[in-house]
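Owing to the predicted nature of the structure, the values given are computational and were not obtained by experimental measurement.
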Amino acid sequence: MNRLLLAGIMAGAAVSLVSCDKENGSGSSYSSTTPVSAYNLYVSAAGDGEAYTGTAVYKFTLKIPEYTIQLAADAMATPGGSTASFSTVEMNFATAYVSVDDMSREVIAFGAEDAAEGGTKVSGLKGYLTQAAYLPVGETVPGYTVLVPSNSLHYAVMQYTLNDRWNVRTFWPDATFRGSTVTSYPGMTDAYSTDGISYRVVMQLRDGAISDKADVIFYNAKFAPNAPEITVVLKNLDLQFTENGYTVSGVDAIPYMVEAGALQETPRFKFNRFDMDVTGDLTTAVIGYQVADVYTGSFTGVSVVRPVSGN
């Protein structure tokens, strides 16, 4: 996706929920409900068992001028093939705006320890509804359409305990990470550092469910001071969910590069190894790789920009 297309998406779809509500101006209470799709990562609260993923649609209802937010989910997929539904109490929220790619994006933070009002018990809820997620900026990659979770471009970044049994964290299967990349090769005087490379994880879906494979796209990849910027695609890497988050890894992966508008295999730049760990609230990534037995790279970055205040 190029910068012009990204600007078009943001201008056409990024609706600021709070500022729009402020414009009501009638003096009476006003509410709006926004559905946001997400995937849940379930880990046993007892510290045993395997990690599990499932789909969910969260409905966020904001009230103005009360400045409260309420969360609900219906028939949410849970481990063992069962489902759960719940609604929360009305929670106070804090709003901030951050700049991402020269555009103002909204972040709505909320939380409650005893959050459930109806349905399955929800406790220790904290999170934010945010537009400040990075989107791909760079060369268009054939065959890859950007998947977003809501018409307003809000992402749900949350964690909570469900029914005292499962610790739940939300994530999205199409995530772009930006931060600092450091690369080096034998004989190099000083390592090369850049914040220009973006790493996009595209999890492979089967009938809406997440499989055990993912693709990773490097946008604006530049591994040495005099090297050109290129777009690199690693396909069919191994995807595994754990109690810490998820990993994407592969060995001897032949990359694809965009040439003449198509993806072409490029064996001479074989990735001897690629390892990516996404942890915490599933917006932080650490990456390491080796290319063609020569270049080594390391990366630390995030997929979502948070306000300076930490909300």
Side-chain angles (χ1 to χ4, degrees), residues 35-60 69-89 91 109-130 133 149 155-175 177 201-214 237-250 275-287 300 302-304 306:
V36 178
S37 298
Y39 283 77
N40 292 333
L41 171 59
Y42 295 89
V43 176
S44 171
D48 55 4
E50 296 181 357
Y52 172 89
T53 61
T55 59
V57 176
Y58 293 102
K59 296 179 181 178
F60 295 87
I69 188 169
Q70 189 172 25
L71 171 61
D74 295 321
M76 188 172 67
T78 57
S82 58
T83 61
S85 300
F86 67 84
S87 60
T88 70
V89 296
M91 300 168 283
F110 54 87
E113 183 56 39
D114 297 316
E117 182 179 65
T120 306
K121 181 180 178 181
V122 174
S123 57
L125 171 65
K126 61 180 179 179
Y128 47 102
L129 189 60
T130 179
Y155 291 68
V157 181
M158 302 186 297
Q159 47 193 316
Y160 58 89
T161 299
L162 185 69
N163 205 26
D164 293 326
R165 185 178 179 187
W166 300 101
N167 291 331
V168 183
R169 283 171 286 173
T170 60
F171 67 96
W172 191 241
D174 188 340
F177 294 83
V201 178
V202 182
M203 298 179 186
Q204 295 181 16
L205 305 178
R206 297 172 185 164
D207 297 325
I210 293 174
S211 73
D212 60 354
K213 296 293 182 180
L237 299 175
D238 294 327
L239 171 64
Q240 182 179 9
F241 289 89
T242 71
E243 63 180 9
N244 295 321
Y246 65 85
T247 63
V248 181
S249 61
D275 297 287
M276 179 178 193
D277 292 296
V278 179
T279 57
D281 64 3
L282 306 183
T283 67
T284 300
V286 175
I287 297 174
T300 301
V302 297
S303 61
V304 171
R306 296 198 189 190

(message) Assess the residue pair Met158 and Phe110 against the criterion (side chain to side chain contact (heavy atoms under 4.5 Å, CB included)); give the C-alpha distance rounded to whole Å, side-chain angles, the decisive distance to 0.1 Å, and a yes or no.
(response) CA-CA 9 Å; Met158 302 186 297; Phe110 54 87; 3.7 Å; yes

(request) Mark yes or no for whether Thr242, through its side chain, and Tyr246, through its backbone, hold a donor-acceptor pair below 3.5 Å. (result) no

(request) Could you tell me whether the side chain of Met203 reaches within less than 4.5 Å of the side chain of Asp174, counting heavy atoms only? (result) no

(message) Any non-hydrogen side-chain atom of Thr247 less than 4.5 Å from a side-chain atom of Leu239?
(response) no

(request) Grab the two heavy atoms, one from Tyr128 and one from Val304, that are nearest each other, plus how far apart they are. (result) CE1-CG1, 3.8 Å

(message) Using side-chain heavy atoms (C-beta onward) and a distance below 4.5 Å, is Trp166 in contact with Thr120?
(response) no

(request) May I ask you to check whether Tyr58 and Asp74 show a side-chain donor-acceptor distance below 3.5 Å? (result) no

(request) Let me see the working for Phe86 and Leu71 under side chain to side chain contact (heavy atoms under 4.5 Å, CB included), right down to the final yes or no. (result) CA-CA 8 Å; Phe86 67 84; Leu71 171 61; 4.2 Å; yes

(message) Quick check: Phe241 with Phe171 (ring centres under 6.0 Å apart)?
(response) yes

(request) Work out which heavy atom in Val36 is nearest to a heavy atom in Ala156; give both atom names and the distance. (result) CG1-N, 3.9 Å

(request) Working to the nearest 0.5 Å, report the span between CD of Glu50 and OG of Ser44. (result) 11.5 Å

(message) Which heavy atom of Thr88 sits nearest to which heavy atom of Met91, and what is that distance?
(response) OG1-CE, 3.6 Å

(message) If we count only N and O atoms by modelled type, under 3.5 Å, do the side chains of Thr161 and Asn167 hold a donor and an acceptor together?
(response) yes

(request) Specify the closest pair of heavy atoms between Leu237 and Ser249, including all atoms of both residues, with the distance to one decimal. (result) CB-O, 3.5 Å

(message) Distance check, rounded to the nearest 0.5 Å: Tyr155 atom OH versus Ser303 atom OG?
(response) 9.0 Å

(message) Are Val157 and Thr130 packed together at the side-chain level, in the sense that at least one heavy-atom pair is separated by less than 4.5 angstrom?
(response) yes

(message) Tell me the closest heavy-atom pair linking Ala75 and Ser85, and the distance in Å.
(response) N-OG, 2.8 Å

(request) Using modelled atom types only, decide if a donor and an acceptor are shared between the side chain of Thr55 and the backbone of Tyr39 within a distance under 3.5 Å. (result) no

(request) Output yes when a side-chain donor or acceptor of Arg169 lies under 3.5 Å from a complementary backbone atom of Thr279, and no otherwise. (result) no

(request) Determine, step by step, whether Asn40 and Thr53 satisfy the side chain to side chain contact (heavy atoms under 4.5 Å, CB included) criterion, reporting the C-alpha distance in whole Å, the side-chain angles of both residues, the deciding distance to 0.1 Å, and the verdict. (result) CA-CA 5 Å; Asn40 292 333; Thr53 61; over 6 Å; no

(request) Would you mind reporting whether Val278 and Phe177 have side-chain heavy atoms less than 4.5 Å apart? (result) yes

(message) If we ignore hydrogens and angles and just use 3.5 Å, is the side chain of Ser211 paired with the main-chain N or O of Gln204 as donor and acceptor?
(response) yes

(message) I need the minimum non-hydrogen distance between Tyr42 and Leu162, along with the two atoms involved.
(response) CE2-CD2, 4.0 Å

(request) Could you list the residues that satisfy side-chain contact (heavy atoms from CB on, under 4.5 Å) with Glu117, not counting sequence neighbours? (result) Gln70, Ser87, Val89

(request) Given side chain to side chain contact (heavy atoms under 4.5 Å, CB included), test Gln159 with Thr170 step by step and report yes or no. (result) CA-CA 7 Å; Gln159 47 193 316; Thr170 60; over 6 Å; no

(request) Can you measure from CG (Asp212) to CD (Gln240) and round to the nearest 0.5 angstrom? (result) 9.5 Å

(message) Tell me if the NZ atom of Lys213 is crowded by more than 12 foreign heavy atoms within 6.0 Å.
(response) yes

